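Every number for a ligand or one of its atoms is a count from 1 in the order of the listing. From a predicted model like this one, the values you see are computed outputs, not experimental measurements.
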Amino acid sequence: MEFVKMHGLGNDFIIVNAMEPPLLDRTDWEEIAVRMCDRHYGIGGDGLILVFPSDKADIRWRILNSDGSEPEMCGNGIRCLARYVYERGIVAKRRIEVDTLAGIIIPEIITDEAGAVTGVCVDMGEPRLQRHQIPMVGPEGPAVNQELAVGDEAVRVTAVSMGNPHCLIYVNDIDQAPVTTLGPKVEVHPAFPAKTNVEFVQVVSPDEVQMRVWERGAGPTLACGTGACATVVGSVLNGYTDRKVTVHLAGGPLHIEWREENNRVYMTGPAVEVFRGDFPL
Ligand SMILES: N[C@H](CCC[C@H](N)C(=O)O)C(=O)O
């Protein structure tokens, strides 16, 4: 089975074109994702992206985490998908409509004067803030700067969904953030019935933050696109930043804007192809 390896700021994905039989008809993609994403026994990756035909958008995709779970959305992944289908002529348009579990998401290809792809801007849609939309247990309404008991710790959290759940924890020093200790505890906290991604955020200025992430179903990754979007929404709600923010991740910066006029979040960043190969099924 042919695949392409891509990444968005080091958040890396395996992409497979499943638009034709027999791949179109497979029902074991969760198991295949675990095998392909294994960094020792497989190709290695934070996730597997599958391209399918769609009757209501240009294409439909599935994104699977490296543990085989299926999130509603993935920001770095959809930039990689957009570049993949654009450069192969699968979708001969710069503005690509993708049918996802979070609704129709619209990446737009950015090129230089020579026509080379230099990045992707994605309309990530509107954030979801009501607890039932995260989902998060507790009194209905936005969860902004709420106290959450994690073991014998009391942590203040802000919860935002971009189709997938995010729990933001603000810290004073990003280099000391307990990503690999507190992250996995919050990921599976009973307050989040669908589990959650966990973002640690240090505010640098009204238009800059540092963020590190423990991802649901993938663990520590170098970048998280939906997490960066959630981080800006949460930072605005807490009064920490403006609506246009550079989110500095371990893998590099993402440019995020939560537009007041339409309540939609826009994410701009790179998508890079690393290698191609053939995986034995
Ligand atoms: N692990 C995430 C999905 C991937 C999100 C992240 N890689 C991104 O770029 O948005 C989840 O289960 O919600």
Close residues (non-hydrogen atom under 4.0 angstrom from ligand 1) work out to N11, N65, P71, M73, C74, G75, N76, N164, N197, E215, R216, C224, G225, T226

Would D28 and R35 pass as an ion pair if we require N to O under 4.0 Å? no

For Y266, does the six-membered ring have the charged nitrogen or CZ of R259 within the cation-pi criterion, i.e. under 6.0 angstrom from the centroid and within 45° of the normal? yes

Could you go step by step and tell me if E72 and N164 meet the side-chain hydrogen bond (donor to acceptor under 3.5 Å, both in side chains) rule? CA-CA 5 Å; E72 301 80 355; N164 59 345; 5.3 Å; no

Is E97 salt-bridged to R60, going by a charged N under 4.0 Å from an acidic O? no

Start with the C-alpha gap between T196 and H189, add the side-chain angles, then the distance that decides, and say whether side-chain hydrogen bond (donor to acceptor under 3.5 Å, both in side chains) holds. CA-CA 8 Å; T196 186; H189 193 286; over 6 Å; no

Can R212 be said to sit on top of F200's aromatic six-ring, NZ or CZ under 6.0 Å from centre and within 45° of the ring axis? no

